[in-house]
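Below, chains carry the letters A, B, ... as their sequence lines are ordered, and counting in each starts from 1.
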Amino acid sequence: MLDAIRVTLPDGSVREFPRGVELRAVAEAFNGDLGRRAIAALVNGAGKDIYLPLQADATIEFVTPESPRALEIYRHTTSHLLAHAVKELFPEVKIGVGPATDEGFFYDFERPTPFTPEDLETIEARMRDIKARDLPIRRIEQPKSQALGYFRGLGDNLKVELVAEKGGEVVSCYRQDNFMDFCTGPHLPSTGRIGAFKLLSLAGAYWKGSEQNQQMQRIYGTAFATEEQLAAHLAMLEEAKKRDHRRLGPALDLFSVEETAGPGLIFWHPNGTVVRQILEDFWKDEHRRRGYQLVTTPHIARDELWRLSGHLDYYKDNMYTFEIEEAGYVIKPMNCPGHSLIYKSRLRSYRELPVRYAELGTVYRYERSGVLHGMMRVRGFTQDDAHIYCTPEQVLSEIEGVLDLCLAFLRTFGYERYEVDLSVWDPAHPEKYAGDAAGWQMAEDALTRALRDRALTYTRREGEAAFYGPKIDIKMFDAIGRPWQGPTVQFDFNLPQRLSIHYVASDSSQKPVVMVHRAIYGSLERFFGGLIEHYAGAFPLWLAPVQAIVLPITDRTAAYAREIQTLLRGQGLRCEVDERNEKIGAKIREAQLKKIPFMLVAGDREAQARTVAVRSRKEGDLGPMGLEAARDRLTRLDRERALEP
RNA sequence: GCUGGCGUAGCUCAGCGGGUAGAGCAGCUGAUUUGUAAUCAGCCGGUCGGGGGUUCAAAUCCCUUCGCCAGCUCCA
């Protein structure tokens with residue numbers, strides 16, 4: 001065939017086509033069904049529309065509704081559908097940007113008066129209408145000037161701004177009927193191919209993400225290839241809400257936030273405090289074993305300290321300050337200056353490095369009201385903070401030690417889903433950072449090497465370092481998938497300089513220490529909130545506020561039940577007795593709702609045989625068991641910190 | 001802080017084109033002595049988030065303030 005091109009499919013099959021053949025014809029030729037089902041294609045790995053005329057040999061993978069890439073295309077095209085509907089209903093609205101996201105899509109609009117929830121219904125109805133029209137969606141490549149003219153004509157000045165910023169002379173747009181958007185694609189072949197969708201919420205969002213700019217009206221929605229997938233997603237969201245620590249915390253009597261006391265301040269109830277103290281004890285043991293020294297520092301200090309540390313300059317807006325006898329004081333927002341004062345209280349020889357000071361230090365920070373969130377983002381919290389003061393030679397092994405400690409904790413609590421970020425400086429602007437290039441390089445090398453040695457996959461974030469040093473952050477996820485920073489390891493080139501933190505080297509010269517901040521839980525509040533969601537409130541036995549509850553069938557066996565309680569308490573187990581005048585079914589139901597790991601039923605039969613009928617929260621009735629056997633079973637689960645049952 | 005939404009009993013919710021608050025669960029009291037996810041009956045319980053206004057009359061309409069929810073921004 002003259003002027004033919006060769007197309008290779010992922011399965012290795014090859015065919016020739018005339019140059020300029022449209023991708024949909026290629027799909028059709030390989031397989032009629034594929035031709036009907038293909039929504040887009042990956043040409044040499046790049047996403048393309050099904051209408052693309054092919055000009056050269058290529059490897060092509062067709063995207064069908066089931067393909068991993070399909071969801072993004074469905075969502076992106078649905079966001080265009082949203083903008084199209086809004087333009088039809090409200091021609092005066094200026095359109096911004098509308099990408100697909102991990103959860104769905106959104107589109108930002110500029111409009112003098114905000115949309116209302118009723119508008120959303122109207123818009124969604126119009127979207128269905130446009131979908132039903134089955135309009136072809138075609139890519140248009142045109143000179144930039146032409147696109148600019150088009151959007152100018154519509155008064156879409158935000159699009160004009162976006163197109164003008166785009167490099168190159170030719171820009172791509174997508175048109176469906178009389179609606180055209182500036183976009184790189186790819187898109188579905190027509191509006192009729194759009195799947196199931198639903199508009200979900202309305203929010204403000206700053207234009208181009210800057211607080212300095214005007215606020216847009218953002219409409220969020222989600223979309224899937226099929227109605228079933230959409231329904232499953234919505235059901236999953238409902239299910240996830242049941243794990244929300246803000247619902248479970250008060251329901252299980254773990255903690256509360258009291259309006260009288262103020263937002264962002266956590267009251268730990270007895271049940272929550274049991275868990276907290278286990279977390280604290282575990283943490284202290286693990287840290288002592290690893291050569292940390294525990295310290296305690298005051299909650300307030302003269303502002304002189306915070307002036308020296310630099311916090312008063314760059315962290316003032318987040319600090320609570322007050323006066324005593326005309327002297328300014330600060331409620332500590334961080335523990336590092338305090339730890340550094342202990343270090344500096346006398347000369348330190350290189351022989352005693354590394355010094356590792358650890359403290360469960362309670363800090364208070366003013367957080368803007370809109371960012372507060374249950375236990376995850378609060379104004380008063382306890383950091384499991386530690387600061388390591390060491391020599392440059394010790395840095396690598398210290399970082400490795402911290403990372404291993406993090407991983408050990410994550411494993412203990414059964415966390416398998418987390419993401420690791422390595423934040424480094426922006427080499428183009430060294431003036432924005434404390435310390436010198438050599439120090440930053442040394443620090444980055446140590447962090448990178450420690451990550452690689454542990455085969456951790458991580459995302460390198462250029463320019464995301466704090467001004468005082470590079471860092472590793474581990475992000476954990478809440479019930480509905482929002483990320484929260486957990487463990488962190490951060491170098492600090494600022495404080496040693498500002499507070500003159502040195503050690504005496506072997507040549508008796510004074511050398512600046514390398515300082516590392518690190519936290520494993522991050523904050524006890526946030527970690528606990530995360531744990532509640534992670535376990536959906538059903539704590540493993542070693543953490544459960546009540547580990548077992550004895551349920552006498554009648555008051556004839558109440559004394560026997562108390563005897564069992566005494567036996568378990570003798571082993572340090574947290575055991576209660578439900579002596580209420582209720583039927584056993586009711587007692588079980590309540591214990592189950594309280595998510596108590598084990599129920600020990602004690603009726604006449606058990607009292608007679610000196611046994612107990614064990615019921616597990618997870619597995620139900622396990623049958624009768626000797627008292628010692630039951631006790632030993634629970635004790636073992638407790639000691640081993642077992643995650644199940 | 002910004003945009004939008006929501007605040008009714010301890011909890012979940014009804015009532016809201018204005019006409020002096022209602023259910024279930026929980027709690028309390030009594031009866032029942034019970035075998036693996038709710039025994040029955042009675043009783044108690046509300047400044048309708050707070051303040052101001054409109055009105056003869058406000059949970060209901062308006063303003064304001066506090067809190068909560070979603071998102072944005074922020075989280076050196």
Closest approach to the side chain of [X], judged atom by atom: which nucleotide of [options] is it?
X         : options                : answer
Ile588(A) : G1(B), U39(B), A37(B)  : A37(B)
Arg589(A) : A37(B), G67(B), C72(B) : A37(B)
Glu259(A) : U3(B), U36(B), G67(B)  : G67(B)
Val371(A) : C72(B), A38(B), G4(B)  : C72(B)
Leu593(A) : G35(B), A37(B), C66(B) : A37(B)

Can a donor-acceptor pair be found, under 3.5 Å and without considering hydrogens, that links the side chain of Asp303(A) to the backbone of Trp306(A)? no
Quick check: does any side chain N or O of Tyr220(A) sit under 3.5 Å from a backbone N or O of Tyr107(A), one acting as donor and the other as acceptor? no
Whether the side chain of [X] and the base of [N] hold a donor-acceptor pair under 3.5 Å is what I'd like checked.
X         : N      : result
Glu606(A) : G35(B) : yes
Arg556(A) : U33(B) : no
Tyr206(A) : G71(B) : no
Glu367(A) : C75(B) : no
Arg368(A) : U73(B) : yes

[atom1] atoms of [N] and [M], separation to the nearest Å:
N      : M      : atom1 : value
G5(B)  : U20(B) : C1'   : 30 Å
G24(B) : C61(B) : P     : 27 Å
A9(B)  : G49(B) : C1'   : 14 Å
U64(B) : U73(B) : P     : 27 Å
A70(B) : C13(B) : P     : 15 Å
U8(B)  : U12(B) : C1'   : 12 Å
G45(B) : A57(B) : P     : 29 Å
C48(B) : U60(B) : C1'   : 10 Å

Counting the atoms with a prime plus P, OP1 and OP2 as sugar-phosphate, which does [X] contact under 4.0 Å by heavy atoms, base, sugar-phosphate, or nothing?
X         : value
Glu590(A) : nothing
Ile584(A) : sugar-phosphate
Ala205(A) : sugar-phosphate
Gly370(A) : base
Asp604(A) : base
Arg218(A) : sugar-phosphate
Ala613(A) : base
Gly209(A) : sugar-phosphate

Rounded distance (Å) that lies between atom [atom2] of [N] and atom [atom1] of [X]:
X         : N      : atom1 : atom2 : value
Asp108(A) : C72(B) : CG    : C1'   : 9 Å
Tyr468(A) : C75(B) : OH    : P     : 11 Å
Glu211(A) : U3(B)  : CD    : P     : 12 Å
Tyr220(A) : C72(B) : OH    : C1'   : 7 Å
Arg379(A) : G67(B) : CZ    : P     : 7 Å
Arg461(A) : C75(B) : CZ    : P     : 15 Å
Met599(A) : A38(B) : CE    : C1'   : 15 Å
Arg377(A) : C75(B) : CZ    : C1'   : 4 Å

For [N], take OP1 and OP2 only and decide whether either is under 4.0 Å from a side-chain N or O of [X].
X         : N      : result
His373(A) : C68(B) : no
Arg482(A) : G71(B) : yes
Arg246(A) : A70(B) : yes

Do Phe90(A) and Val86(A) come within less than 4.5 Å of each other through their side chains, counting heavy atoms only?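 Counting from C-beta outward, Phe90(A) and Val86(A) do come under 4.5 Å.
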Counter-base of [N], judged by Watson-Crick or G-U geometry with both distances under 3.5 Å:
N      : answer
C6(B)  : G67(B)
U33(B) : none
G24(B) : C11(B)
G18(B) : none
C61(B) : G53(B)
C72(B) : G1(B)

Using 30° and 60° as the class boundaries, would you call the ring planes of Tyr320(A) and Tyr366(A) parallel, tilted or perpendicular?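 Perpendicular, since the angle between the ring planes exceeds 60°.
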Residue whose nearest RNA chain B nucleotide is more 5′ - Tyr314(A) or Val257(A): Val257(A)
Closest non-hydrogen atom pair between Leu308(A) and Arg498(A), with its separation: O-NE, 3.0 Å
CD on Gln547(A) to CZ on Arg574(A), rounded to 0.5 Å: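 Result: 3.5 Å between the selected atoms.
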Nearest-0.5 Å distance that lies between atom CD1 in Ile501(A) and atom CG in Leu495(A):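 Answer rounded to 0.5 Å: 5.5 Å.
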Looking at Glu161(A) and Lys94(A), is there a salt bridge between them, counting it only when a charged N and a carboxylate O are closer than 4.0 Å?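 Here Lys94(A) does not pair with Glu161(A) in a salt bridge, since their nearest N and O are not under 4.0 Å apart.
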In terms of side-chain geometry, is the basic nitrogen of Asp244(A) or Lys242(A) positioned less than 4.0 Å from the acidic oxygen of its partner? no
